[in-house]
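The block underneath contains the structure these notes are about, expressed in structure tokens.
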Protein chains: 4
Amino acid sequence: MTAVDLRSPGRPRDDTAGPALLAAARRLVIAHGYEAVSVQMIAAEAQVGRQTLYRRWQGKADLVLEAFLASAQNAELCHADGTTEEKLNLFLGQVFKNLTTDGPAIRSLIASAQSDPDFREIFKQRFVQPRAEIVANIIQLGTARGEIRNDTDIDTAVTMLHGAFWYPLLLGETLNYELAHRIVRLLFEGIGTAKETRNSTRKN
Amino acid sequence: MTAVDLRSPGRPRDDTAGPALLAAARRLVIAHGYEAVSVQMIAAEAQVGRQTLYRRWQGKADLVLEAFLASAQNAELCHADGTTEEKLNLFLGQVFKNLTTDGPAIRSLIASAQSDPDFREIFKQRFVQPRAEIVANIIQLGTARGEIRNDTDIDTAVTMLHGAFWYPLLLGETLNYELAHRIVRLLFEGIGTAKETRNSTRKN
Amino acid sequence: MTAVDLRSPGRPRDDTAGPALLAAARRLVIAHGYEAVSVQMIAAEAQVGRQTLYRRWQGKADLVLEAFLASAQNAELCHADGTTEEKLNLFLGQVFKNLTTDGPAIRSLIASAQSDPDFREIFKQRFVQPRAEIVANIIQLGTARGEIRNDTDIDTAVTMLHGAFWYPLLLGETLNYELAHRIVRLLFEGIGTAKETRNSTRKN
Amino acid sequence: MTAVDLRSPGRPRDDTAGPALLAAARRLVIAHGYEAVSVQMIAAEAQVGRQTLYRRWQGKADLVLEAFLASAQNAELCHADGTTEEKLNLFLGQVFKNLTTDGPAIRSLIASAQSDPDFREIFKQRFVQPRAEIVANIIQLGTARGEIRNDTDIDTAVTMLHGAFWYPLLLGETLNYELAHRIVRLLFEGIGTAKETRNSTRKN
DNA sequence: GTATAATCGAGACGGTACGTCACGTCTTTAG
DNA sequence: CTAAAGACGTGACGTACCGTCTCGATTATAC
């Protein structure tokens with residue numbers, strides 16, 4: 001009774017309002033795209049007052065971002081067995097699957113992210129970083145198992161792997177399993193013929 | 001001599017107005033970002049009527065896109081001599097250099113591109129495609145010269161190379177020569193150890 | 001008691017905004033004329049957002065009309081004593097007095113009214129009709145009192161009396177008491193000499 | 001050849017352009033109303049450049065006014081025989097007939113006239129005055145013939161007669177022969193009963 | 001109980017930018 | 001020098017959102 005009750009007086013917030021807004025935002029942005037959706041529409045869809053939204057988020061961008069971060073959260077797992085190549089295939093395949101539904105919306109997001117550095121930072125931390133770490137882990141494990149060259153530049157590899165799907169995503173091209181496999185394949189093999197010259201050229 | 005005179009009647013368009021608008025748009029968007037710049041401001045900066053802008057472009061997005069497309073146009077051909085790797089390094093280096101100044105603005109652009117499929121298509125055709133072809137050519141030439149494996153999946157290679165800079169660009173990370181080199185290096189070498197197994201696995 | 005609370009939810013309209021807009025409109029239109037006054041100016045003069053204006057009226061015409069309708073509203077009374085002729089004199093005199101200040105603005109109004117049938121209808125209902133009824137009442141009372149011929153065509157009489165001031169008003173001529181008296185006089189006497197022939201000519 | 005040729009050099013004005021513009025203006029204003037017709041439309045309808053219009057008139061109002069003044073010119077003189085009452089009936093009937101077609105357009109005109117004093121003056125001189133004189137003449141002749149009381153206030157009578165049709169015209173009501181007759185009748189008879197008291201009341 | 005206080009939906013508020021329209025002027029080539 | 005054509009700068013229009021504010025009503029704790 002003493003320290004327990006720190007709740008402020010007054011009517012407590014409606015716990016259903018937040019989730020309802022997130023869901024509404026997701027639905028509408030997927031349906032019509034970020035720009036075409038107004039704060040008004042989201043609040044109406046959630047059957048909530050507009051002020052209730054502003055009480056919880058800074059504005060549209062803030063809300064919509066969270067709506068999709070939440071949805072992308074479940075990109076965990078991937079601690080599957082199999083070779084490193086198989087694991088990367090699996091990872092990329094899953095990412096592609098998610099982006100098939102959310103793609104346009106995610107595009108909308110990264111769009112808005114461009115106009116706001118803070119937004120971009122949050123986006124990186126909560127959306128990009130986790131995925132980068134998964135890939136980094138897979139690759140690192142691969143080097144330990146001898147499937148990945150142990151002088152591999154992991155950061156760059158991660159960058160390329162992700163770029164390989166961000167790029168077509170942003171251009172509105174379809175992401176399918178076949179592309180995923182081709183990307184992973186290429187990443188493993190490289191395009192060069194002169195494999196043995198590597199050590200010498202690497203010097204400088 | 002008869003065929004010479006195809007000019008339409010009426011006062012000809014002011015040839016300085018278009019470039020002035022493009023330049024003004026570039027300047028302002030670089031300075032303040034896409035969202036913060038209004039059509040009014042651009043017209044005023046260009047010392048031109050607002051209607052003159054609408055006579056040449058659909059709206060702000062259209063104009064600003066072209067402003068940066070034009071600036072990127074001079075990504076000249078890279079018919080430099082040297083090995084394929086050197087050429088790719090050079091290409092990527094140049095792209096990075098351009099993006100160092102225009103990066104934020106380009107980000108603004110691709111942002112807006114997301115909300116409009118038509119816009120995205122134009123963006124692809126005029127900004128992405130030309131660069132993709134340059135890289136494709138370089139690689140193709142490389143296969144002929146034996147520097148690139150002749151079973152290389154060129155499309156995927158191009159995708160990866162571009163993704164490799166779009167990705168950090170959109171995340172607001174710095175693009176420098178060192179990254180360019182690392183990307184090209186990795187693309188050549190691949191990350192896999194089992195180079196000899198390639199032909200067998202490639203079968204399916 | 002339950003029926004008392006019919007107020008709609010949401011923030012109530014600012015009761016000062018409407019009158020402020022009307023007053024601003026009146027002031028500006030009198031000062032500069034209808035055409036020279038923009039919606040922007042009126043809103044600014046009233047220290048009110050432009051949208052607040054559009055929330056209450058269809059547009060400039062609508063607002064300005066009401067601004068002058070309101071000002072003319074106080075043309076009620078006239079339930080003065082006296083003979084019918086004195087009452088008509090009083091009525092017409094009052095109308096003239098009002099039009100002396102508002103004349104130019106009213107002209108602006110009826111001007112715009114011509115281009116919009118809806119506008120014209122409103123104008124009739126709220127500006128013309130009430131006055132017509134006042135006059136009709138005065139005349140009807142006059143017939144009961146034996147001051148007006150009981151076979152008088154009241155509608156036509158009303159039309160003539162009003163036309164008698166609309167006409168000079170629209171032509172920009174001054175309206176004074178003397179004119180008012182002359183009109184009423186003429187209306188009473190008629191211009192014909194052969195008063196007794198009336199019944200016979202009336203037949204056809 | 002010497003003194004004869006005072007014509008200025010260069011291409012001569014196209015004499016058909018002016019009339020074509022007037023006709024086009026009349027047609028369009030009758031069809032759509034003054035406000036809805038743009039200078040552009042008139043020029044296009046007349047198959048003439050826009051500048052050609054501005055070379056001959058100040059602007060739309062100027063042109064349209066002349067277009068209808070010209071059309072009204074043929075309000076021929078009504079030197080018909082018959083009693084004064086018959087003549088006034090005939091005159092008013094003709095005016096009403098003209099206004100049946102041109103009414104809406106004339107309304108548009110007087111509308112615009114309100115915003116421009118010069119315009120209004122021209123309108124009065126060329127449209128109103130001639131008709132006023134016709135009526136004045138008829139009445140004057142009537143007094144000579146003993147059909148009109150010789151102490152009649154002619155100016156006021158003229159004003160009332162014209163107001164009697166301007167008023168319903170501006171309110172968009174139909175003008176027909178029956179109304180014309182009722183107006184003339186009322187004007188002759190007056191509405192008062194006490195005809196014999198006239199001379200005494202007239203004193204003051 | 002009765003304050004006090006924060007929440008809720010609703011909607012008006014002052015702003016700002018948008019894209020359209022018409023204006024009257026200016027600038028071409030052709031006659 | 002005029003003609004047709006049409007681009008030019010200007011400025012008002014009405015619409016759409018933005019983020020804030022102000023209501024009455026509701027729902028909790030605190031006295």
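Here is the naming used below: chain letters follow the sequence lines, and residue numbers restart at 1 for every chain. It should be emphasised that the depicted structure is a prediction, and the values quoted were computed from it without experimental measurement.
- The list of side-chain hydrogen bond (donor to acceptor under 3.5 Å, both in side chains) pairs with a residue in residues 12-21 of chain B, not counting sequence neighbours, reads B/Asp14-B/Thr16.
- Both D/Ala17 and D/Arg50 sit near DNA chain F, but only D/Ala17 has its closest nucleotide nearer the 5' end.
- C/Val64 places none of its side-chain heavy atoms less than 4.5 Å from the side chain of C/Trp57.
- Under the 3.5 Å distance criterion, the side-chain polar atoms of D/Lys60 are left unmatched by any main-chain donor or acceptor of D/Ala25.
- The listed nucleotides are F/dC13, E/dA12, F/dC18; the one nearest the side chain of C/Lys60 is F/dC13.
- The side-chain heavy atoms of C/Leu22 and C/Phe68, taken from C-beta on, include no pair separated by under 4.5 Å.
- If you take CZ on A/Arg50 and CD on A/Gln40, they are separated by 5.0 Å, rounding to the nearest 0.5 Å.
- The base of F/dT26 is paired with the side chain of A/Arg11 by a donor and an acceptor separated by under 3.5 Å.
- Under the side chain to side chain contact (heavy atoms under 4.5 Å, CB included) rule, A/Tyr54 has a single partner from A/Leu63, A/Asp62, A/Val39, which is A/Val39.
- For residues 38-47 of chain A, proximity to DNA chain E is found at A/Gln47, defined as any non-hydrogen atom under 4.0 angstrom from a strand atom.
- The CD-P distance, from D/Gln51 to E/dT29, rounds to 17 Å in whole Å.
- Computed from coordinates, the D/Leu63 CG to E/dG24 P distance equals 11 Å when rounded to whole Å.
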